Structures are given as structure tokens and as C-alpha cells.
Amino acid sequence: QIHYMVNKDLGFDKEQLLVIRRMEALSRKIPAFKQEIAKIPGVVSSTNSTAIPGYPNNNNGFQIEGRSAEQAALMQVNWVDYDYMKTYKIPLVSGRAFDREFPSDSTMMIINEEAVRRFALTDPYTTRFIEPGRTMEERRMHDVLGVSKNFHFQSLRMTIDPHVFMMKPVWWDWPGYLTIRLSADTTKGTNDVMHNTRKAVTGDH
């Protein structure tokens, strides 16, 4: 059983990842912090998200345009930044990842293969998901930007459910997690990242 869990293909690359929690002290400074640690040798990429594999966020219901409200699509939601797919090396089966060059990506979503299957989406790229609001005016419409391969974001004992990535709004105060991908041949990079993180979080110099 242990051998199975260690060698099971999780659908993402779990090696060389450094996850930092309790980022409250950085809050909205996380983009600037990411730019700083990107200068450290051995840091390949970093990403800010509200959930990480093993620590899911929450399930949200979406209405699919053209279908009744009773046919709501319940999906595990992870609000992420532009570098999540790159940092976790989650492959896409079609479409593309979020890109800074396209401001409209802020309203797009990336769904997994299971969402396509579960909701019988013949063509996900002509499907629009409706995020409910307290009023009709507060509803948000989302087009599909890409479809990711299925990956395990919960226990291996649990089936893979529909999952959606959405862009984390810049105004959110809740920092969530910061995940850093390091190159395979670096040790100093890890120490430098930890040192810089401690300074940023505690205010020490």
C-alpha cells in the first residue's frame, strides 16, 4: 500500500516543491515577493493559490448556460495565479493556461477532464459557466480556457471529482499558499528562499 501511494502517478509533479503557509504578513505583497525570489538561483517558478493538492479549498456550484438551475455543476474550486499550472506541472489536454498577456483570462476558467465527463460537455469551449450572485447583476459568466488532465487533489482513497481553476483576484486579502518549484540540483536556493521568507514574514533584517 505504501509503495502504491509513493509510486502512484498523481497527475502533477510533487518533487522539488516548497510550500509556504501562513503568508498573512505578506498579503497583497505576494506578487512583489514572487518577483524577488525569482532572482534566487535555483528558483524555477512560484505560485500563489487558495488550495494545494491534499488541502482542497471548497466546492462551489455553477450553473451551465442553457441548462436549468437544478442541473448545477458542483466543482472543487482553486483560485490561483498565472504560474500555478507551470509550478505544479499539471498538463493540459487542450486549450492553454492563464497568460498575463491576455487580461480577459481573469474571467476564464480551466476545468479538469472529469468535469467534461461528469457534465457531458460535448465542446467545453462553447460552454459558459455562470457563477451565482446575490442578484442577477452580480452573476459572473466564465468561458473555458483549457482542460487539464485529471490529478489527485485529495486523498488517493477518494475519487477524482470535477475541479476548476479560476484566477485569484488581486484584491483578495487572504493569501492562501505560496508554492515554489526549485531546480533538482539546488540546495542553496532552498536556504535562500527560507531565509528571505522568514525576513518577509517576521520583518527581521
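When reading the values below, keep in mind they use all heavy atoms of this one structure, side chains included, and skip hydrogens, waters and symmetry mates. Keep in mind that this is a model prediction, so the values were computed, not measured.
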Examine V77 and L121 and state if one hydrophobic cluster contains both, with Ile, Leu, Val, Met, Phe, Trp and Tyr joined whenever side-chain heavy atoms are less than 4.5 Å apart. yes

Is the closest side-chain donor-acceptor distance between E114 and H163 under 3.5 Å? no

Do I111 and M75 come within less than 4.5 Å of each other through their side chains, counting heavy atoms only? yes

Side-chain heavy atoms nearer than 4.5 Å, only ILVMFWY residues, links allowed to pass through others: does that put V19 and V44 together? no

Taking every non-hydrogen atom, the tightest pair across S148 and I90: CB-CG2, 4.0 Å

Shortest non-hydrogen contact between K34 and T47, atoms and distance: NZ-CA, 3.9 Å

Output all residues satisfying side-chain hydrogen bond (donor to acceptor under 3.5 Å, both in side chains) with K168, sequence neighbours left out; order by chain, then residue number. N48

Keeping N78 on the side-chain end and A51 on the backbone end, is there a donor-acceptor pair under 3.5 Å? yes

Please evaluate residues V93 and E113 with respect to the criterion side-chain contact (heavy atoms from CB on, under 4.5 Å), reporting the C-alpha separation (whole Å), side-chain torsions for both, the decisive distance (0.1 Å), and the verdict. CA-CA 8 Å; V93 296; E113 295 172 296; 3.5 Å; yes

Can you say whether the rings of Y84 and F165 are parallel (under 30°), tilted (30 to 60°) or perpendicular (over 60°)? tilted

Which pair of heavy atoms, one from R96 and one from L92, lies closest together, and at what distance? C-CD1, 3.2 Å

Scan residues 50-70 for pairs that pass salt bridge (Lys or Arg N to Asp or Glu O under 4.0 Å), counting only residues two or more places apart or in two chains. E65-R128

Applying side-chain hydrogen bond (donor to acceptor under 3.5 Å, both in side chains), name anything that partners D123, two or more places apart in sequence or on another chain. none

Residues D83, R181: salt bridge by 4.0 Å N-O rule: no

Would you mind listing every ring-ring contact (aromatic ring centres under 6.0 Å, His included) that reaches into residues 101-126, with sequence neighbours excluded? none

Whether R100 and D105 form a salt bridge (side-chain N of Lys/Arg under 4.0 Å from carboxylate O of Asp/Glu) is what I want to check. no

Could you pull out the closest heavy-atom pair between V147 and I110, with the gap in Å? N-CG2, 4.4 Å

Between T87 and S45, do the side chains contain an N or O donor and an N or O acceptor separated by less than 3.5 Å? yes

Between T179 and Y88, a side-chain donor and acceptor under 3.5 Å: yes

Go through the structure and list residues passing side-chain hydrogen bond (donor to acceptor under 3.5 Å, both in side chains) with T107, not counting sequence neighbours. none

Under a single-linkage rule joining Ile, Leu, Val, Met, Phe, Trp and Tyr whose side-chain heavy atoms are separated by less than 4.5 Å, which residues share a cluster with I130? M141

